[in-house]
**Q** 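What follows is a structure written as structure tokens; I'll ask about it next.
Along the sequence shown, residues carry numbers from 1. These numbers come from the heavy atoms of this one structure, side chains and all, not from hydrogens, waters or symmetry mates.
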Amino acid sequence: MLTINDYLKAGETTVSNLVLENYHKIGLNDEEFLFWLQLFHLQVKGNLFPELAEISQTMGKSIDTIYKLLNQLVSRGFLTIQTKQNEQGQMMDTYDLLPIFQKIELLQQKETETEKELASEETIKALYQGFEKEFGRQLSPIELEMIGQWLETDNYQPELIRLALREAVLNQAYSLKYIDRILLAWERKNITTKEQVAEDQKRRKQALIQKEIEQQSAANEPIPKVTLHNWLNPDDNE
């Protein structure tokens, strides 16, 4: 029966879940991955260039199969063999297992980019649908081209275009030319975000309120009394 000391003496090999979850995605089959794990396990124990015969016995595979697996991993860039100087100054060969982690990193970057592209496509699709919903009809080819120009040539963000559409609808102006003027006005003010649009609208609203207050004050001012001069009787003037 195994004791706790047996477990402690055997040690542990910790492998990142990223490797376990992605080894197949980056192109390793189960046998190749198990061989890589054996190399990783032995390196954790301090053996940077283990004898392949040892791995052959552990995996229950012929030495020819083990050499074949090694060549497959090297040729496909999953590991490299490097010559380094050890602490005693001697040159020694080592298996560099880092490439598999680099491949996983590239895979994740590609997946992230793909997710961003899909999200962008959905956002743009929703933008066109938003125009058709507000206009109550399908967009004409010219209108589709104009919106595409805002996105691709003018580099307006979909969110900004959507806000311009909302402003036009609030003003009951169902025209892309009207929306284009809004976008141009915002561009001149360097407005590019939702927060900046809200701040600009707040300033304009405050300016209108202030103007109304000034106009109301002017309307309520008493009419100044004008002294009438009696030219016939200079002593009788009001």
Side-chain angles (χ1 to χ4, degrees), residues 1-127 151-152 155-160 192-196:
M1 179 178 177
L2 290 175
T3 66
I4 187 64
N5 287 332
D6 294 326
Y7 283 108
L8 293 175
K9 288 179 181 178
E12 296 180 354
T13 300
T14 303
V15 181
S16 170
N17 288 334
L18 285 175
V19 178
L20 295 174
E21 294 168 359
N22 292 287
Y23 78 89
H24 192 264
K25 292 181 181 180
I26 61 176
L28 288 176
N29 60 39
D30 293 343
E31 193 174 46
E32 291 169 335
F33 180 56
L34 181 57
F35 172 67
W36 183 91
L37 277 179
Q38 292 298 324
L39 291 175
F40 182 80
H41 155 68
L42 292 168
Q43 285 203 350
V44 169
K45 293 176 66 175
N47 189 352
L48 301 182
F49 199 72
E51 291 290 338
L52 296 184
E54 180 180 355
I55 298 177
S56 173
Q57 292 180 352
T58 303
M59 291 182 61
K61 302 290 184 181
S62 68
I63 191 67
D64 289 340
T65 300
I66 297 302
Y67 272 110
K68 180 181 178 182
L69 291 172
L70 175 64
N71 289 331
Q72 287 173 187
L73 294 185
V74 171
S75 64
R76 292 164 58 205
F78 287 100
L79 66 84
T80 60
I81 300 175
Q82 298 181 346
T83 302
K84 296 182 179 179
Q85 192 175 40
N86 61 19
E87 295 177 354
Q88 290 74 35
Q90 299 172 328
M91 303 304 293
M92 60 175 293
D93 291 332
T94 63
Y95 291 116
D96 182 8
L97 306 181
L98 184 61
I100 191 174
F101 299 101
Q102 295 170 332
K103 287 181 178 293
I104 291 174
E105 182 182 10
L106 290 174
L107 172 68
Q108 290 192 315
Q109 289 176 353
K110 185 176 180 180
E111 288 179 344
T112 300
E113 291 173 0
T114 300
E115 289 174 0
K116 288 181 178 179
E117 289 175 0
L118 291 174
S120 177
E121 290 175 2
E122 287 298 321
T123 299
I124 293 173
K125 180 180 177 181
L127 177 66
L151 293 166
E152 298 171 11
N155 294 317
Y156 294 136
Q157 293 299 315
E159 182 182 48
L160 197 69
T192 59
T193 66
K194 179 180 180 180
E195 292 73 20
Q196 290 173 327

**Q** From L69 CG over to M59 CE, what is the distance, rounded to the nearest 0.5 angstrom?
**A**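 It comes to 6.0 Å.
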**Q** What heavy-atom pair brings L37 and V15 nearest, and what distance separates the two atoms?
**A**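 Closest approach of L37 to V15: CD2-CG2, 3.8 Å.
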**Q** Could you note down all residue pairs passing ring pair (Phe, Tyr, Trp, His ring centres under 6.0 Å) where residues 12-39 supplies at least one of them, sequence neighbours left out?
**A**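 Passing the test, one end in residues 12-39: Y23-F33, W36-F40, W36-F101.
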**Q** Check the pair N71 / K68 against side chain to side chain contact (heavy atoms under 4.5 Å, CB included), numbers first and verdict last.
**A** CA-CA 5 Å; N71 289 331; K68 180 181 178 182; 5.7 Å; no
**Q** If we ignore hydrogens and angles and just use 3.5 Å, is the side chain of Q43 paired with the main-chain N or O of L48 as donor and acceptor?
**A**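 It does hold such a pair.
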**Q** So which atom in G77 and which in P99 form the shortest heavy-atom distance, rounded to 0.1 Å?
**A**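 It is O-CB, 3.2 Å.
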**Q** Tell me, yes or no, whether the heavy-atom count around Q82 atom CD, taken from other residues, nucleotides or ligands under 6.0 Å, exceeds 12.
**A**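 Atom CD in Q82 is crowded, with more than 12 foreign heavy atoms closer than 6.0 Å.
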**Q** Restricting to non-hydrogen atoms, name the atom on I81 and the atom on D93 that form the minimum distance, rounded to 0.1 Å.
**A**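 Of all heavy-atom pairs spanning I81 and D93, the closest is CG2-CB, 4.4 Å.
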**Q** When rounded to the nearest 0.5 angstrom, what is the spacing between CD1 in I26 and CD in Q102?
**A**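 One finds 11.0 Å between CD1 of I26 and CD of Q102.
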**Q** Scan residues 45-74 for pairs that pass ring pair (Phe, Tyr, Trp, His ring centres under 6.0 Å), counting only residues two or more places apart or in two chains.
**A**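 Qualifying pairs, neighbours excluded: F49-Y95.
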**Q** Just how far is it from atom CD1 of I63 to atom CD of E54, taken to the nearest 0.5 Å?
**A**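 Output value for this atom pair is 11.0 Å.
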**Q** Listed by chain and number, what are the salt bridge (Lys or Arg N to Asp or Glu O under 4.0 Å) partners of E105, not counting sequence neighbours?
**A**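 None.
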**Q** Run the salt bridge (Lys or Arg N to Asp or Glu O under 4.0 Å) test against K25 and tell me which residues pass, sequence neighbours left out.
**A**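 Applying salt bridge (Lys or Arg N to Asp or Glu O under 4.0 Å) to K25 gives E111.
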**Q** Could you pull out the closest heavy-atom pair between L42 and P50, with the gap in Å?
**A**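 Result for this residue pair: CD1-CB, 3.4 Å.
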**Q** A side-chain contact here means heavy atoms from C-beta on lying under 4.5 Å apart; do L18 and Q108 qualify?
**A**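 With C-beta onward as the side chain, the pair touches.
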**Q** What is the distance from atom CG of L79 to atom CG of L70, rounded to the nearest 0.5 Å?
**A**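 Reported value, rounded in 0.5 Å steps: 6.0 Å.
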**Q** So, the side chain of S120 versus the backbone of K116: is there a donor-acceptor pair under 3.5 Å, distance only?
**A**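 No.
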**Q** If you round to the nearest 0.5 Å, how far is CG of L34 from NE2 of H41?
**A**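 Taking NE2 in H41 and CG in L34, the distance rounds to 11.0 Å.
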**Q** Looking at every non-hydrogen atom in both residues, tell me the closest pair between R76 and L28 and how far apart they are.
**A**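 Scanning both residues, the minimum pair turns out to be NH2-N, 4.2 Å.
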**Q** Can you list everything that forms a ring pair (Phe, Tyr, Trp, His ring centres under 6.0 Å) with F78? Sequence neighbours excluded, please.
**A**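 Checked F78 against ring pair (Phe, Tyr, Trp, His ring centres under 6.0 Å); zero matches.
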**Q** Using only atom types and a distance under 3.5 Å, with no angle test, would you say the side chain of S56 pairs donor to acceptor with the backbone of L52?
**A**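 Looks like no, no N/O pair under 3.5 Å.
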**Q** Give me the atom names and distance for the closest heavy-atom approach of L39 to I55.
**A**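 Minimum heavy-atom separation between L39 and I55: CD2-CD1, 3.5 Å.
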**Q** Enter the distance from I100:CD1 to K103:NZ here, rounded to the nearest 0.5 Å.
**A**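 Interatomic distance, I100 CD1 to K103 NZ, rounded to 0.5 Å: 9.5 Å.
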**Q** Just jot down the salt bridge (Lys or Arg N to Asp or Glu O under 4.0 Å) partners of K61, sequence neighbours excluded, or say none.
**A**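 If we apply the salt bridge (Lys or Arg N to Asp or Glu O under 4.0 Å) test to K61, skipping adjacent residues, the hits are E31.
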**Q** Looking at N29, is its backbone amide N or carbonyl O close enough to the side chain of E32 to form a donor-acceptor pair, meaning the two atoms are under 3.5 Å apart?
**A**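 It does hold such a pair.
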